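All of these numbers come straight from a predicted model, not from anything done at the bench. Sequence lines set the chain letters: A, B, ... in the order given, protein chains first and strands last, and positions in each chain run from 1.
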2 protein chains.
Amino acid sequence: MPVTIRDVARLAGVSPMTVSRVINGGQNVLQETSQRVQQAIAELGYVPNSLARGLSGQRTRTLALILPDVANPFFTRIVQGAEAVAREAGYQIILCNTDGQLEREAASLQAMLAYRVEGIVIAPVGDTSQGQLSQMAGYGVPLVLVDRAVAAVEGDLVQGDSVGDARRLVQLLTDSGHQRIAMIAGQSYVSTSRDRQAGYRQALEAANLAFDPALVVPSEFDIESGYRATQRLLWLKERPTAIFAVNNLVAVGAVRALREHRLATPDDVALVCFDDIDYASLLCPFLTVMAQPAESYGTIATDMLLERIGGQSNEPSRRVVLSAELIVRESCGTRRTQAYG
Amino acid sequence: MPVTIRDVARLAGVSPMTVSRVINGGQNVLQETSQRVQQAIAELGYVPNSLARGLSGQRTRTLALILPDVANPFFTRIVQGAEAVAREAGYQIILCNTDGQLEREAASLQAMLAYRVEGIVIAPVGDTSQGQLSQMAGYGVPLVLVDRAVAAVEGDLVQGDSVGDARRLVQLLTDSGHQRIAMIAGQSYVSTSRDRQAGYRQALEAANLAFDPALVVPSEFDIESGYRATQRLLWLKERPTAIFAVNNLVAVGAVRALREHRLATPDDVALVCFDDIDYASLLCPFLTVMAQPAESYGTIATDMLLERIGGQSNEPSRRVVLSAELIVRESCGTRRTQAYG
DNA sequence: GTTCGTTCTGGTAGCGTTACCAGGATAGTA
DNA sequence: TACTATCCTGGTAACGCTACCAGAACGAAC
């Protein structure tokens, strides 16, 4: 039923090989022949079968992009960056969503392996991904990690300077005199969480503030989790005067909790976080954020991946670290308020 | 280099066919043989080649999901719904982003055809997609449209009751006494835009308000476009007292413009729109929205698609219409203010 | 005229899997 | 014993494409 290369060949009065050549750029094909073939293709509505092409040619021109949460604008930006580069290079991207679950990540990796993608860009679930990621390397599939680092995994890495950026962000709070600064910290098996916590402690230290473990609460990376973590913080006998949220969604949850407790931001509790939201300029407290160049994460990671695939660069493991941009709005309580967005 | 079914067969001391049977559920295979094969699979780290499977078996167990803007939370929700259903059914989803561009949609459709996906869920660019969508039907690929209808396209459809929902939304404004209600209308080649505009006019009529073409400005569906459209409205000699935005992102742009003009919402200008944002409860004006059940769009569309693929139901074209939920917050200026989100 | 190179074209084989058919073994029935 | 039914297994031939090799045609160079 479906039209094959043979049907086209028959109609054009040539061999399948010639049709194949025309499809693939038409090197060494008579102009006239080529036109006849193209006409036959149009007439029959022939669409080359990618499966057969991939199977035969060993090249699928497909990449995988595996992310923990496509609903998070930060990751959506990465998608956009990656897509642009891939499209430019004639590659198709298959997007997978792991929801931060290790098993779903494993399933996605397995599926992408089965699809014979030529490379994978992944923001891993966390350190626990180490086993399955190393396995990928074992299969010879080029791997580029974005955002989150995982020890002992062969592959390039594009990430933010979480330690330094967190330090800068918290310093903003210490500079305005805050003494009890809490952190909603994410999960310790995620490198960004650990690093941001390290930066947080550095900032405290620099300001000669004691580290209080009670002020650091773990969380997931979604709104709901940020909400609950904030509630726990607000129930403390000695309430924090400022909160550092590990990412944007957690901060949104924090805002909700603060509202419910009738606490004003930043007057009662200041709030800062990582990752901007496009709509952040509209959030009531005008969130002060550390905006990571997410789109660049996507473009750079994909560029690096394509280089590996192309065979350029055989260095063992490259690592790109990008600094974030500090966008100071009202929520941190400093008076250096900026205009919208 | 890569491990094939033959390698597994050799190690397990059976034929490739037996290995194939084990992979596919192991009907009619001796328990003992099956175990031997599975052990060989594990030992060699064998991953079946999906390309070969698809080519040989004519079933790729893959669906395409083509959307105009994955960065829009509305569509992201659709993704989540679709993914859940697909995963449950053992299908992989390939996500494509068209950016609302017809050519990119055409390219995606072509690519998905080449990948031999078994079906496509698509929120089309607009009426202009008609040609390329009909073509898909011609190729025998089941199609389900979501959100946006396109005339004369064979395939199921899941959409909102844009006319009725828009009427309800605008009625909220007329009920509070607004006389000059503007609409940022999207593009007329998109069904949702047209329908919402129809609902808008119905509501005006019901309130005995004259329709003023100057108050209806076209737009894209993104923040930037909403911003510019709002500016145009605010430059009018007789400024509107309320704005109905065709979707969430446009509304966000509107908020920005209103802010810049130092106009308060809802006191100076009321604002309502379609589609919620998770963070909407945090937006300063507490946007009043018509929240469409986006996730259901995704699940229902995918369910219908799988039914078609499975061969159940040969009705010509089914159409599912879902009503949205009106979430009244402060931005519309009625005093029936609700609690956060 | 022979040799070589270049340009175009076609045949064959194989990519890794499964559909389909066939056959051997075992057990149950007459 | 013979016949059928059932369970398990293997061989062969595709699926649609491209790598690879080979050959034909033509002109250029010796």
Side-chain angles (χ1 to χ4, degrees), chain A residues 1-38 40-41 44-62 90 110-111 113-118 139-140, chain B residues 1-38 40-41 44-62 90 110-111 113-118 139-140:
Chain A
M1 186 60 189
V3 180
T4 75
I5 202 171
R6 238 175 294 269
D7 300 319
V8 176
R10 202 172 310 130
L11 180 60
V14 297
S15 79
M17 265 317 298
T18 301
V19 178
S20 173
R21 270 187 281 257
V22 172
I23 295 169
N24 295 292
Q27 301 294 347
N28 289 353
V29 179
L30 217 59
Q31 181 98 28
E32 188 201 311
T33 312
S34 174
Q35 284 183 354
R36 205 142 35 88
V37 169
Q38 295 193 346
I41 288 176
L44 296 174
Y46 168 68
V47 178
N49 186 323
S50 292
L51 304 175
R53 291 230 257 192
L55 184 57
S56 171
Q58 311 286 37
R59 308 201 48 202
T60 55
R61 296 204 153 277
T62 304
Q110 195 77 358
L113 214 49
Y115 274 97
R116 298 302 190 258
V117 297
E118 295 183 31
Y139 280 105
Chain B
M1 186 61 189
V3 180
T4 76
I5 202 171
R6 239 175 293 271
D7 301 318
V8 176
R10 201 172 310 129
L11 181 59
V14 297
S15 79
M17 264 317 298
T18 301
V19 176
S20 173
R21 270 186 281 257
V22 171
I23 295 169
N24 295 291
Q27 301 294 347
N28 290 352
V29 179
L30 217 59
Q31 180 98 29
E32 188 200 312
T33 312
S34 174
Q35 284 183 353
R36 205 143 33 89
V37 170
Q38 295 193 346
I41 289 176
L44 295 175
Y46 166 68
V47 178
N49 185 324
S50 293
L51 303 176
R53 291 230 255 191
L55 184 58
S56 171
Q58 311 286 35
R59 308 201 47 203
T60 54
R61 295 204 152 278
T62 304
Q110 196 78 358
L113 214 49
Y115 274 98
R116 299 301 191 257
V117 297
E118 295 183 31
Y139 281 105

Hits for side-chain hydrogen bond (donor to acceptor under 3.5 Å, both in side chains) against B:Arg53, two or more places apart or cross-chain, chain-then-number order -> B:Asn24
Across all chains, not counting sequence neighbours, the side-chain contact (heavy atoms from CB on, under 4.5 Å) partners of A:Leu11 are A:Ala40, A:Glu43, A:Leu44
Considering only heavy atoms from C-beta outward, does the side chain of B:Val29 approach that of B:Val37 to under 4.5 Å? no
Can you confirm whether B:Ile5 sits close enough to B:Ile23 that some side-chain heavy atom of one is under 4.5 Å from a side-chain heavy atom of the other? yes
Non-neighbouring partners of B:Arg116 that pass side-chain contact (heavy atoms from CB on, under 4.5 Å), sequence neighbours left out: A:Val47, A:Asn49, A:Leu51, B:Thr60
Chain B on DNA chain D: first and last contacting nucleotide, 5' to 3', under 4.0 Å to a heavy atom? D:dC8 to D:dG16
With sequence neighbours excluded, residues passing side-chain hydrogen bond (donor to acceptor under 3.5 Å, both in side chains) with A:Ser56: none
Contacts of B:Thr62 that satisfy side-chain hydrogen bond (donor to acceptor under 3.5 Å, both in side chains) - sequence neighbours left out: A:Tyr115
Assign a letter to each nucleotide of nucleotides 9-17 of chain C from its 5' end: B, base within under 4.0 Å of a protein heavy atom; S, sugar-phosphate only; -, no contact. BBB--BBBB
If you look only at pairs with a residue in residues 8-21 of chain A, which of them pass as a salt bridge (Lys or Arg N to Asp or Glu O under 4.0 Å), with sequence neighbours excluded? A:Asp7-A:Arg10
Heavy atoms only: give me the nearest B:Gly13-B:Arg36 pair and the separation to one decimal. O-NH1, 4.3 Å
Partners of A:Arg59 by side-chain hydrogen bond (donor to acceptor under 3.5 Å, both in side chains), sequence neighbours excluded? A:Tyr91
Rounded to 10°, the angle between the first-five-pair and last-five-pair axes of the helix from C:dG1-D:dC30 to C:dA30-D:dT1 is 60°
